[in-house]
K.L.:
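Next up is a structure, given as C-alpha cells.
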Amino acid sequence: MIDIGQFRALVLAPTLRHLAKCEARLDSPDAHEIVLGTILHESDSFRFLRQRPNGPARGFGQMEPATHTWMRQWIGRRPEWRECFDALIGSWVNPVEQLYTSLPYMVAATRWRFWVAPEPLPERADVLDMARYWDRFYQTVEDEHEPKAWARRYRRDALPTLPAI
C-alpha cells in the first residue's frame with residue numbers, strides 16, 4: 001500500500017506543479033483534492049492498477065484507453081501541453097500503458113480529465129460536492145451510491161493527510 005501523505009508530497013504536488021508550466025490553473029488546492037480523492041476511490045485506496053475483474057481501465061486513476069486516446073488527441077493539438085505531458089513518460093512503453101508505470105503521468109491524466117469538464121472544480125472544503133463532480137465528469141457509469149462512497153473514502157483516507165493551511 002502506498003502511504004497517502006508520501007503520495008501527496010512526492011507525486012501529486014510535484015506533478016501538478018510541473019503541469020502548471022503549461023497552465024497555472026492546473027495546480028490548485030482544489031485540484032490536489034479532487035485528483036487525490038479520485039485516485040483513492042478508483043483504485044480502492046491504491047489496491048488496484050487495473051479495473052476489476054478484467055476491465056479496460058488502467059492505473060490508479062482507472063482511465064480507459066478510449067479516454068486516453070481522446071486525451072492524447074486533445075493535448076496533441078496544444079504543443080505546450082504535449083511537452084508537459086510527454087516529459088512525464090518514457091519511450092520504453094506505449095503511453096496508454098504508462099498509466100500503469102508512471103505515477104506522474106497517471107496523475108496528469110486524471111487532472112486533465114477534470115480540466116476538460118465544462119464546469120469549474122468544486123471547492124475542496126465541500127467533500128460531497130467534489131464527489132458529485134467526480135460522478136458527473138469522471139465516472140462512466142451512473143450509480144447514485146457512488147458519490148457517497150467516494151466522499152466516505154476521501155474523508156477516511158485523504159482528509160487525515162491534508163496539510164495544515
Side-chain angles (χ1 to χ4, degrees), residues 1-8 10-16 18-19 26 30-76 81-82 84-119 121-122 124 127-159 161:
M1 172 105 88
I2 293 175
D3 179 273
I4 297 166
Q6 288 185 12
F7 182 82
R8 270 185 188 282
L10 303 174
V11 179
L12 181 66
T15 300
L16 295 184
H18 169 77
L19 291 180
L26 287 169
D30 296 335
H32 282 238
E33 298 315 302
I34 191 103
V35 170
L36 179 60
T38 297
I39 289 167
L40 289 171
H41 185 74
E42 295 286 342
S43 70
D44 194 11
S45 296
F46 295 115
R47 288 185 55 213
F48 297 101
L49 279 168
R50 185 168 186 145
Q51 185 178 7
R52 297 168 288 149
N54 286 317
R58 290 167 163 76
F60 288 135
Q62 296 291 293
M63 181 172 275
E64 294 185 5
T67 303
H68 183 266
T69 298
W70 173 39
M71 179 189 80
R72 295 299 299 179
Q73 290 169 345
W74 192 94
I75 66 174
W81 283 67
R82 187 174 55 244
C84 279
F85 275 71
D86 286 353
L88 300 173
I89 61 176
S91 60
W92 61 278
V93 68
N94 179 319
V96 73
E97 300 306 314
Q98 302 245 0
L99 294 168
Y100 293 130
T101 61
S102 171
L103 291 175
Y105 186 68
M106 181 271 310
V107 165
T110 304
R111 178 61 184 103
W112 169 84
R113 186 62 191 92
F114 290 117
W115 177 259
V116 297
E119 295 176 17
L121 288 177
R124 66 182 177 157
V127 174
L128 195 52
D129 199 28
M130 283 195 304
R132 289 182 188 122
Y133 189 90
W134 160 82
D135 189 45
R136 280 194 316 273
F137 301 117
Y138 197 92
Q139 175 75 322
T140 56
V141 177
E142 289 192 34
D143 180 342
E144 67 183 67
H145 302 291
E146 281 300 301
K148 292 176 186 166
W150 190 104
R152 273 193 311 275
R153 185 179 312 276
Y154 178 85
R155 286 183 184 110
R156 184 191 73 204
D157 295 347
L159 271 183
T161 69

K.L.:
Grab the two heavy atoms, one from Ala117 and one from Tyr133, that are nearest each other, plus how far apart they are.
P.N.:
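Result for this residue pair: CB-OH, 3.3 Å.
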
K.L.:
Is the side chain of His32 donor-acceptor paired with the backbone N or O of Ala13 at a distance under 3.5 Å, no angle test?
P.N.:
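Not confirmed, His32 side chain does not pair with Ala13 backbone.
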
K.L.:
Check Gly5 against Thr161 and note the closest heavy-atom contact, atom names and distance.
P.N.:
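In terms of heavy atoms, the two residues are closest at N-CG2, 3.8 Å.
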
K.L.:
Looking only at non-hydrogen atoms, find the nearest pair between Arg82 and Ile75 and report the distance.
P.N.:
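Heavy-atom minimum between the residues: CB-O, 3.7 Å.
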
K.L.:
Would a 4.5 Å heavy-atom cut-off, applied to side chains only, mark Leu40 and Trp150 as touching?
P.N.:
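With C-beta onward as the side chain, the pair stays apart.
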
K.L.:
Decide yes or no for Ser45 and Arg156: does some side-chain heavy atom of the first lie under 4.5 Å from some side-chain heavy atom of the second?
P.N.:
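Side chain of Ser45 against side chain of Arg156, heavy atoms only: contact under 4.5 Å found.
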
K.L.:
Any non-hydrogen side-chain atom of Phe60 less than 4.5 Å from a side-chain atom of Glu42?
P.N.:
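A side-chain contact under 4.5 Å is absent here.
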
K.L.:
Give, for atom CD1 of Ile4 and atom CD of Gln6, the distance between the pair rounded to the nearest 0.5 Å.
P.N.:
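Going from the CD1 atom of Ile4 to the CD atom of Gln6 covers 11.0 Å.
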
K.L.:
How many angstroms lie between CE in Met106 and CG in Leu88, if you round to the nearest 0.5 Å?
P.N.:
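It is 11.0 Å, given to the nearest 0.5 Å.
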
K.L.:
In Å, rounded to the nearest 0.5 Å, how long is the span from CE of Met63 to OG1 of Thr69?
P.N.:
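So the CE of Met63 and the OG1 of Thr69 are separated by 10.0 Å.
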
K.L.:
Measure centre to centre between the rings of Phe137 and Phe114, then say whether the value is under 6.0 Å.
P.N.:
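That pair fails the under 6.0 Å test.
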
K.L.:
For residues 102-116, pull every pair meeting side-chain hydrogen bond (donor to acceptor under 3.5 Å, both in side chains), keeping only residues two or more places apart or in separate chains.
P.N.:
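Sorted pair list: His68-Tyr105, Arg72-Tyr105.
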
K.L.:
Could you state the interatomic distance from CD1 (Ile2) to CZ (Arg47), rounded to the nearest 0.5 Å?
P.N.:
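The CZ atom of Arg47 is 13.5 Å from CD1 of Ile2, to the nearest 0.5 Å.
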
K.L.:
Looking at Gly59, is its backbone amide N or carbonyl O close enough to the side chain of Gln62 to form a donor-acceptor pair, meaning the two atoms are under 3.5 Å apart?
P.N.:
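Such a contact is found between Gln62 side chain and Gly59 backbone.
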
K.L.:
So which heavy atom on Ala108 is nearest to which on Thr15, and how close?
P.N.:
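That closest heavy-atom pairing would be N-CG2, 4.1 Å.
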
K.L.:
Please find the pair of heavy atoms, one from Trp81 and one from Leu26, that lie closest to each other, and give the distance.
P.N.:
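Distance-wise, the nearest heavy atoms are CH2-CD1, 3.6 Å.
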
K.L.:
Should Val116 and Trp70 count as side-chain neighbours, where that means a heavy-atom distance under 4.5 Å?
P.N.:
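Yes, at least one pair of side-chain atoms sits under 4.5 Å.
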
K.L.:
With a 4.5 Å heavy-atom cut-off, do Thr67 and Met71 have their side chains touching?
P.N.:
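Thr67 does not reach Met71 side chain to side chain.
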
K.L.:
Enter the distance from Leu12:CG to Leu36:CG here, rounded to the nearest 0.5 Å.
P.N.:
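It is 6.0 Å, given to the nearest 0.5 Å.
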
K.L.:
Write down the atom of Leu10, the atom of Pro14, and the distance for their closest heavy-atom approach.
P.N.:
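Minimum heavy-atom separation between Leu10 and Pro14: O-CG, 3.5 Å.
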
K.L.:
Does the Tyr154 side chain pair with the main chain of Glu33, one donor and one acceptor, at a distance under 3.5 Å?
P.N.:
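No; judged by distance alone, with no hydrogens or angles, the pair does not exist.
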
K.L.:
Show every salt bridge (Lys or Arg N to Asp or Glu O under 4.0 Å) that has at least one partner inside residues 53-70, sequence neighbours left out.
P.N.:
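Listed once each, the pairs are Arg58-Glu97.
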
K.L.:
Report the distance from atom CZ of Arg124 to atom CG of Leu159, rounding to the nearest 0.5 Å.
P.N.:
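Answer for the CZ-CG pair, Arg124 versus Leu159, is 10.0 Å.
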
K.L.:
Side chains of Asp44 and Arg153: does their closest heavy-atom pair fall under 4.5 Å?
P.N.:
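Counting from C-beta outward, Asp44 and Arg153 do come under 4.5 Å.
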
